[in-house]
Amino acid sequence: MENKNYKERVFEVTQLIPRGRVSTYGLIANYLDLGSARMVGWALNKSLLSNGVPAHRVVNRKGELSGRNFFPSPTMMQELLESEGVAIEDSKVQDFKQLRWDPSIELEE
DNA sequence: GGATTGACGTCTG
DNA sequence: GCAGACGCCAATC
């Protein structure tokens with residue numbers, strides 16, 4: 001029973017995201033070679049049931065907080081990011097291009 | 001077990 | 001640059 005599902009890998013990578021930074025589904029999917037960014041989003045959906053998984057640090061490629069609706073409160077995701085020093089406007093990450101954390105690069109694979 | 005859905009991404013028009 | 005369609009793989013109905 002290999003509990004090491006691709007989901008757990010997503011959890012680990014998500015937890016590796018530094019505070020004040022954000023990542024995208026595509027980057028994580030590419031790093032884990034899942035083949036589909038949807039897998040990351042789906043896995044993160046399950047991550048809501050797990051503790052210690054800062055899913056709020058993961059956004060789509062546009063930097064939009066697409067998953068905010070899945071949180072207990074749609075504003076909680078933004079609040080958390082702002083609390084970490086990430087500027088949010090209109091449910092989108094400001095300077096996202098700078099703040100985006102790419103595991104394939106930061107971890108240098 | 002087939003069909004649908006999903007926190008996305010890339011391509012084409 | 002924006003809008004629509006397709007692809008992706010897994011889970012759920």
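Residue numbers begin at 1 in each chain, while the letters A, B, ... track the order of the sequences.
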A:Phe11 to A:Lys46 - nearest heavy-atom pair and separation: CZ-C, 4.4 Å

Heavy-atom closest pair, residues A:Thr14 and A:Val10: OG1-O, 2.6 Å

Sugar-phosphate only, base, or nothing, as touched by A:Ala55 at under 4.0 Å among non-hydrogen atoms: base

Distance below 4.0 Å between A:Lys62 side-chain N/O and C:dC2 OP1 or OP2: no

Hydrophobic cluster identity match, A:Val13 and A:Leu107, side-chain contacts under 4.5 Å: yes

Let me check something: any side-chain donor-acceptor pairs from residues 65-72 of chain A under 3.5 Å, sequence neighbours excluded? List them with distances.
from    : atom 1 : to      : atom 2 : distance (Å)
A:Ser66 : OG     : A:Tyr25 : OH     : 3.4
A:Arg68 : NH1    : A:Ser91 : OG     : 2.1

Closest contact, heavy atoms only, A:Ala43 versus A:Lys7: CB-CG, 3.7 Å

Show each protein N/O and nucleotides 7-10 of chain C N/O combination with a separation under 3.5 Å, one pair to a line.
from  : atom 1 : to      : atom 2 : distance (Å)
C:dG7 : O6     : A:Arg38 : NH2    : 3.0
C:dC8 : O4'    : A:Ser36 : OG     : 3.4

Touch class at under 4.0 angstrom, heavy-atom based, for A:Leu65 against every strand present: nothing

Positions of residues 72-98 of chain A (non-hydrogen atom under 4.0 Å from DNA chain C), listed by number: none

Non-hydrogen atoms of A:Arg57 and A:Ile17 that approach each other most closely: NH1-O, 2.7 Å

Donor on one side chain, acceptor on other, A:Glu79 and A:His56, under 3.5 Å: no

Rounded interatomic separation in angstrom, taking CG from A:Asn60 and P from B:dG6: 16 Å

Nearest-Å distance for atom pair CZ/C1', residues A:Arg61 and C:dG1: 12 Å

hydrophobic_cluster_shared for A:Tyr31 and A:Tyr6, side chain cutoff 4.5 Å: yes

Touch class at under 4.0 angstrom, heavy-atom based, for A:Asn45 against every strand present: base

